[in-house]
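In what follows, a single structure is set out as structure tokens and then discussed.
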Amino acid sequence: MMGKPPPAAMVWGVIGCCPVANSKGLKFDAELFGWKAARRCFEVATKRQIYISKAPSSSKKPKIAPQLPGPNVSSVDLDSRYSKKENKEEKKLRRENKESDEAIKEIPCPIPDGEFELVLLSEDPSRGVKIDTGIPDLAKKQLKACLRENADLFAWSATEMPRLDPEVVCHQLTIDQSASAVVQHRRRQYLEKADAAEKAVKDLLEANFIFEARYITWLSNVVLVKKSNGKWRMCVDYTDLNRACPKDAYPLPCIDKLVDNSSGFKLLSFMDAYSGYNQIPMAMADKEKTAFMTESGNYYYNVVPFGLKNAGATYQRTMNKVFRAEIGDMLEVYMDDMIVKSHDEKDHAAHLRKVFEQARRCKMRFNPKKCTFGV
């Protein structure tokens with residue numbers, strides 16, 4: 001049991017001028033010294049000590065100076081106008097983005113083995129394609145002439161891509177009639193991603209790939225994905241729209257079979273269609289359903305965007321339709337990747353001309369940075 005409380009004189013001697021005496025007893029001025037100091041004074045007084053000091057401790061923890069918010073702290077965390085739910089969503093997005101950034105590494109784009117030389121297709125020194133230096137002189141001369149004759153089939157920017165002929169292919173959305181239109185809740189983006197999205201929107205507007213949307217029923221958020229070269233790719237979260245569309249079960253080629261069909265040939269040329277899906281136009285009635293939101297406004301696609309459920313099936317069906325006579329004989333196709341193959345070096349230029357002729361009929365364009373000829 002505790003003893004009698006110390007007399008007032010002792011408390012006055014111990015605490016000095018800290019307490020304030022009144023008719024009801026001793027009162028600590030917490031406003032002046034704080035509640036911690038008042039608590040320490042009370043404990044000392046009840047133990048009948050004649051001095052006030054902190055208990056010696058060998059394991060003192062160093063005081064940590066307050067730090068300012070780091071670069072990874074969003075202003076949303078410090079703004080009381082946002083609810084706890086919104087703060088949790090913001091932290092979750094930051095954690096997911098951090099994990100995705102750590103998973104992405106600088107992986108160089110794979111290219112065929114060998115030494116290559118750049119063949120200029122115009123007077124501009126930056127416009128050229130790669131060919132293998134190890135092919136015979138006659139085959140190399142024919143290959144260079146074929147590439148220069150078809151220089152208009154290569155696009156160095158989206159503005160040089162006319163898009164495929166709508167009579168050849170047009171992507172349609174077969175939305176279930178019982179499905180309800182969904183307008184997604186707007187997601188906030190970091191400053192870096194928001195700037196990348198605005199730059200992508202500007203480029204798409206210049207290429208006439210998108211138009212400003214008004215009075216739309218379907219609206220989706222944009223998703224920024226970092227590519228292997230460190231740049232950002234803007235995609236759209238079509239989760240709700242894809243859920244309302246049935247799957248197109250068009251078969252894709254077997255990759256193992258394509259590899260086996262391409263082996264044993266003397267010359268191969270690897271080609272890639274420029275901006276794949278964006279070469280296929282959207283159906284007029286379904287354009288506004290592809291609407292997405294950014295900081296600058298709402299837009300919808302005039303061409304097939306990345307992220308739609310059946311875009312791959314539509315693209316493969318188009319390639320099989322356009323190159324039906326060449327596939328299996330001199331050409332192998334998987335989506336937007338193409339391989340032109342020849343048993344004899346002298347026939348390779350003629351095979352390329354046939355493929356280029358079919359591509360010109362449907363207004364297809366190739367990406368010169370991803371093309372390699374005569375391997």
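Distance check, rounded to the nearest 0.5 Å: CG of Asn208 to CE of Met161 gives 11.0 Å. Separating the CE atom in Met335 from the OG1 atom in Thr318 is a distance of 10.0 Å, to the nearest 0.5 Å. Taken from CG in Leu147 to CG in Leu352, the straight-line distance is 6.5 Å, to the nearest 0.5 Å.
Ile255 and Met338 end up in the same hydrophobic cluster when Ile, Leu, Val, Met, Phe, Trp and Tyr side chains are linked at under 4.5 Å. Note on Trp232 and Val236: same hydrophobic cluster, where clusters join Ile, Leu, Val, Met, Phe, Trp and Tyr whose side-chain heavy atoms are under 4.5 Å apart, directly or indirectly. Residues Phe116 and Phe270 share a single hydrophobic cluster, defined by chaining ILVMFWY side chains whose heavy atoms lie under 4.5 Å apart. Under the 4.5 Å side-chain contact rule for hydrophobic residues, Leu252 and Val304 share a cluster. Under the 4.5 Å side-chain contact rule for hydrophobic residues, Met293 and Leu224 do not share a cluster.
Counted by atom type alone, Ser296 and Glu198 present one or more donor-acceptor pairs between their side chains at under 3.5 Å. Using a 3.5 Å distance cut-off with no hydrogens or angles, the side chains of Asn302 and Lys287 do pair a donor with an acceptor.
Taking all atoms of both residues into account, the shortest heavy-atom contact from Leu153 to Arg360 is CG-NH2, 3.7 Å. Here the closest heavy-atom approach between residue Asp272 and residue Cys371 is recorded as N-SG, 3.6 Å. In this structure, Leu268 and Lys341 approach most closely via the heavy-atom pair CD2-CB, 3.5 Å. When all heavy atoms are compared, the tightest approach of Ile327 to Met319 is CD1-O, 4.0 Å. In plain terms, the two heavy atoms of Pro281 and Gln279 that are nearest each other are CD-O, 3.6 Å. Annotation for Gln184 and Ser220: closest pair OE1-CA, 3.6 Å, computed over non-hydrogen atoms.
Using a cutoff of 4.0 Å between basic side-chain nitrogens and carboxylate oxygens, Arg186 and Glu295 are scored as salt-bridged. Residues Lys199 and Asp203 are paired through a salt bridge, judged by an N-O separation under 4.0 Å between the basic side chain and the carboxylate. Electrostatic pairing of Glu357 and Arg353 does not count as a salt bridge here, judged by no charged N lying under 4.0 Å from a carboxylate O. A salt bridge does not link Asp337 with Lys370: every distance from a Lys NZ or Arg NE/NH1/NH2 to an Asp or Glu carboxylate oxygen is 4.0 Å or more. Remark: Glu160 does not engage Arg365 in a salt bridge, criterion side-chain N to carboxylate O under 4.0 Å. A salt bridge does not link Lys257 to Asp260: none of the charged side-chain nitrogens sits closer than 4.0 Å to a carboxylate oxygen.
The neighbour count for Lys309 NZ, taken as heavy atoms of other residues, nucleotides or ligands under 6.0 Å away, is above 12. Heavy atoms from other residues, nucleotides or ligands lying under 6.0 Å from CG of Asp137 number 12 at most. The environment of Glu206 atom CD is dense: over 12 non-hydrogen atoms of other residues, nucleotides or ligands sit within 6.0 angstrom.
Within the 3.5 Å criterion, the main-chain N or O of Ala207 finds no donor-acceptor partner in the side chain of Thr159. Checked by atom type and distance alone, the side chain of Thr290 pairs as donor or acceptor with a backbone atom of Tyr301 at under 3.5 Å. Using a distance-only test at 3.5 Å, with no hydrogens or angles considered, a donor-acceptor pair links the side chain of Asp286 to the main chain of Leu173. Between the side chain of Arg233 and the main chain of Val223, no donor-acceptor pair closer than 3.5 Å is present. Checked by atom type and distance alone, the side chain of Lys321 pairs as donor or acceptor with a backbone atom of Val168 at under 3.5 Å. Of the possible polar contacts, none joining the Gln358 side chain to the Glu326 backbone as a donor-acceptor pair under 3.5 Å is found. Of the possible donor and acceptor atoms, none in the side chain of Asn298 sits under 3.5 Å from a partner among the backbone N and O of Arg214. A distance-only check finds no donor-acceptor pair linking the side chain of Asp347 to the backbone of His343 [under 3.5 Å].
A side-chain contact (heavy atoms from CB on, under 4.5 Å) with Tyr250 is found for one member of Asn320, Thr314, Asn310 and no other, namely Asn320. The side-chain contact (heavy atoms from CB on, under 4.5 Å) with Tyr299 is formed by just one residue from the set Leu204, Ile216, Leu205; it is Leu205.
Looking at residues two or more places apart in sequence or on another chain, you find a ring-ring contact (aromatic ring centres under 6.0 Å, His included) between Phe356 and Phe366.
When ring centroids are compared, Tyr274 and Phe154 stay outside the 6.0 Å threshold.
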Assess the residue pair Tyr238 and Phe292 against the criterion (ring pair (Phe, Tyr, Trp, His ring centres under 6.0 Å)); give the C-alpha distance rounded to whole Å, side-chain angles, the decisive distance to 0.1 Å, and a yes or no.
CA-CA 9 Å; Tyr238 288 125; Phe292 61 92; 8.0 Å; no
Apply side-chain hydrogen bond (donor to acceptor under 3.5 Å, both in side chains) to the pair Asp124 and Ser126, showing each step before the final yes or no.
CA-CA 5 Å; Asp124 189 349; Ser126 62; 2.9 Å; yes
Stepwise side chain to side chain contact (heavy atoms under 4.5 Å, CB included) check, His351 with Leu267
CA-CA 11 Å; His351 292 166; Leu267 282 185; over 6 Å; no
